[in-house]
A.B. asks: 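I'd like to ask you about the structure that follows.
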Amino acid sequence: MTDLRFALRQLRKSPGFSAVAILTLGLGIGANTAIFSAAEQTFRPDIPFDDPDRLVRIYQIPEAGSPNISPRVPVFLQVRDGTDAFESIAASRFTDLTLTTDDGPERVVGNAVTSGWLATLGVQPVLGRAFSSEEEALGTDSRVAVIAYATWQNRFGQDDNIIGRTVTLDGMPFSVVGVMPPGFTYPYEAEFWMPFRAQDDAGEAFWALNIKARLREGITLSMASEELRILSRRIGGVVPGLTAGMTITPISMRAVLLDGEGGTITVLTIAVGLFLLVVCANLANLLLSRGLHRESEFALRASLGASRRRLLTQSLTESAVLGIAGGAAGMVIAVLGLSLLDPLLPARLVTIGARLSVNQSTFALAATLAIATGLFVGLIPALRFSSTHPAATLRRGSRSLSGSSQRLGGALVAAELALTLVLLTGVGLIVRDFQQRQGRDLGYDPTQMTVFSVALDREPYVTAEQRVQFAQRFLRELEAAPSIATAAATTMFPRSTLDNGSRS
């Protein structure tokens, strides 16, 4: 306790130095804590599904080994009825809906889901209920829907009487029976879920399905893969949508969510780690320089009988206090900076409700970094000044650093320069990667292009012919505008994240 009081008194005597040291450490610790939170949520996401390690997504893969293709309805029915490896299996189909409110029609994203979709995922509404077996048997004819939590808040004013309320989707009334948990929009950032009866589309090979299955207890992923491989050989080329040579295969949910993600987070994690090392080297040099006027103090205390251990403990206590104060500042900086890192989270994780936050592991990291960096930056100066020769130091006085101190300071500066060079190289790689992502070939020229969606009320546009006529008339009016050179319409824009149901 005496050492602690003395350390606080020494820091108060140099408020400018203390403020700079604490802020510098806070930036280093805060950056590492924030990036750690993003990395933890990217590589070890808290998947809000029941027992997610038993959850898989079903793909079909061509002989070439890629790409992963979302199966069609006939394949789903074969897997559902012809395998024993799964406790349950269900599918969802992206559905483009028109929500009609008092403000007019608006395009929204929905999901038509087969029987047991929510039960397979292990997710239940926070309000109301999931679909009943009778509703699932009727499919969309049951006219019931489950809505996203944000939809309930933003579109319906968090109405306490939302359960049983009627909403108009594609011109038809649907009764709301449930509200999903906050942040859950899986898949495709959906706002609405309604029952889907796959048998009604059994003859169609068009619809791509997002198929999820839950492994039975005791069944491994490799065992399920072998069962599906056998099924693929039996039905390949016979069932619509599965050509000969294609293999139906399960892929773990974790692998699906993290596929191809995290490259930027990895580089940033390395970069902020190097930044913290630069901060530590810089502060160690500052403490070494600051200790110049205290070298005589250490020598005098040593000549009066203070042991090297006693001097070392006192010096490390001061640096540890600096580290703890820097850690507290770092936590504040990390909390304030988390919102800036939200865009780094993979989109697939956002749809399951993943968010950046300061949790127990993040706090533990910040505390560990605070203590470790505090001791690290103070160790070199503490060893140097606690081992000074009292007589020689007192003869020299405190007018200049000794030769060994100067050499040590020079070594720290060299280390700072080396680490800074590596850090700048890493930042350059991040910038180049970002430029490459921005400049990649999209397959079309986005220059001077504007993309927007149009939602049609169902009543005047019941048939496909009516919708086509509207599109043709709308395009003619657009092209008549002086500022528009050409216009076109599509049901799915190229490179859309919803394309072919290829996302998670």
Side-chain angles (χ1 to χ4, degrees), residues 45-61 68-93 111-126 129-139 146 177-178 180-181 184 186-188 190 193-199 201-202 207-235 239 242 247-259 348 351-353 501 503-504:
D46 182 17
I47 300 176
F49 302 144
D50 182 39
D51 198 1
D53 292 329
R54 292 171 52 208
L55 197 61
V56 298
R57 177 168 179 178
I58 306 297
Y59 285 104
Q60 53 192 58
I61 302 176
N68 294 346
I69 301 172
S70 297
R72 309 315 198 199
V73 173
V75 176
F76 164 69
L77 296 176
Q78 290 289 331
V79 174
R80 187 191 66 180
D81 300 333
T83 57
D84 296 320
F86 306 113
E87 180 180 290
S88 62
I89 180 170
S92 73
R93 173 170 65 80
N111 275 294
V113 299
T114 63
S115 176
W117 171 258
L118 296 181
T120 298
L121 294 180
V123 180
Q124 294 298 322
V126 292
R129 58 176 177 81
F131 307 124
S132 67
S133 56
E134 294 80 9
E135 291 163 343
E136 291 170 333
L138 289 173
V146 173
V177 297
M180 294 305 290
F184 185 89
Y186 184 83
Y188 315 130
W193 293 262
M194 59 276 300
F196 169 50
R197 181 176 167 84
Q199 290 89 335
D201 291 335
W207 293 114
L209 300 180
N210 185 330
I211 304 175
K212 294 293 188 293
R214 182 168 293 278
L215 296 170
R216 291 187 186 277
E217 290 283 358
I219 299 295
T220 64
L221 188 64
S222 59
M223 295 166 64
S225 299
E226 181 59 28
E227 184 173 347
L228 289 179
R229 192 176 299 113
I230 295 172
L231 177 66
S232 303
R233 287 198 295 264
R234 188 171 73 246
I235 66 175
V239 173
L242 186 71
T247 302
I248 309 170
T249 187
I251 298 178
S252 73
M253 190 62 182
R254 290 188 183 275
V256 170
L257 289 171
L258 302 180
D259 181 32
R348 300 176 183 181
T351 64
I352 63 172
R503 292 191 71 82
S504 63

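Atom set for the values below is all heavy atoms of this structure, side chains included, hydrogens, waters and symmetry mates excluded. Everything numeric in this text was worked out from a predicted model, so none of it was measured.
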A.B. asks: Please check if any side-chain donor atom of Thr249 sits under 3.5 Å from a side-chain acceptor atom of Thr247, or the reverse.
C.D. replies: no
A.B. asks: If you round to the nearest 0.5 Å, how far is CZ of Phe184 from CD of Gln124?
C.D. replies: 10.0 Å
A.B. asks: How long is the straight-line distance from CD1 of Ile58 back to NZ of Lys212, given to the nearest 0.5 Å?
C.D. replies: 9.5 Å
A.B. asks: Run Trp193 and Phe131 through side chain to side chain contact (heavy atoms under 4.5 Å, CB included) and show every step you take.
C.D. replies: CA-CA 10 Å; Trp193 293 262; Phe131 307 124; 4.3 Å; yes
A.B. asks: Set out, in order, the CA-CA distance, both residues' side-chain angles and the distance that settles side chain to side chain contact (heavy atoms under 4.5 Å, CB included) for Tyr59 and Ile248, then state yes or no.
C.D. replies: CA-CA 6 Å; Tyr59 285 104; Ile248 309 170; over 6 Å; no
A.B. asks: Keeping Arg214 on the side-chain end and Thr120 on the backbone end, is there a donor-acceptor pair under 3.5 Å?
C.D. replies: yes
A.B. asks: Donor-acceptor pair, distance only, cut-off 3.5 Å: does the side chain of Arg254 make one with the backbone of Pro52?
C.D. replies: no
A.B. asks: Would you name the heavy atoms of Leu215 and Ala224 that are closest together and state the gap between them?
C.D. replies: CD2-CB, 3.6 Å
A.B. asks: Partners of Gln78 by side chain to side chain contact (heavy atoms under 4.5 Å, CB included), sequence neighbours excluded?
C.D. replies: Ile235, Val239
A.B. asks: Rounded to the nearest 0.5 Å, how far apart are CZ of Arg72 and CZ of Arg93?
C.D. replies: 12.0 Å
A.B. asks: Rounded to the nearest 0.5 Å, what's the gap from OG on Ser88 to CG on Leu55? Could you check?
C.D. replies: 8.0 Å
A.B. asks: Once rounded to the nearest 0.5 Å, what's the spacing between atom CG of Leu121 and atom CE of Met253?
C.D. replies: 7.0 Å
A.B. asks: Less than 4.5 Å apart, side chain to side chain, heavy atoms only: is that true for Pro71 and Leu209?
C.D. replies: no
A.B. asks: Do any N or O atoms from the side chain of Glu135 and from the backbone of Pro195 form a donor-acceptor pair under 3.5 angstrom?
C.D. replies: no
A.B. asks: Heavy atoms only: give me the nearest Glu87-Arg54 pair and the separation to one decimal.
C.D. replies: OE1-NH2, 2.6 Å
A.B. asks: Give the minimum heavy-atom separation between Ala255 and Ile251, together with the two atoms involved.
C.D. replies: CB-CG2, 3.9 Å
A.B. asks: Looking only at non-hydrogen atoms, find the nearest pair between Ser115 and Ala90 and report the distance.
C.D. replies: O-CB, 3.7 Å
A.B. asks: Taking all non-hydrogen atoms of both residues, which atom of Ser70 and which atom of Arg57 are closest, and how far apart?
C.D. replies: OG-NH2, 2.9 Å
A.B. asks: Nearest 0.5 Å, what's the CG-OH distance between Leu118 and Tyr186?
C.D. replies: 12.0 Å
A.B. asks: Does the pair Phe86 and Ile219 meet the rule for a side chain to side chain contact (heavy atoms under 4.5 Å, CB included), with working shown?
C.D. replies: CA-CA 8 Å; Phe86 306 113; Ile219 299 295; over 6 Å; no
A.B. asks: Quick one: closest heavy-atom pair of Pro187 and Asn111, and the distance?
C.D. replies: O-ND2, 2.9 Å
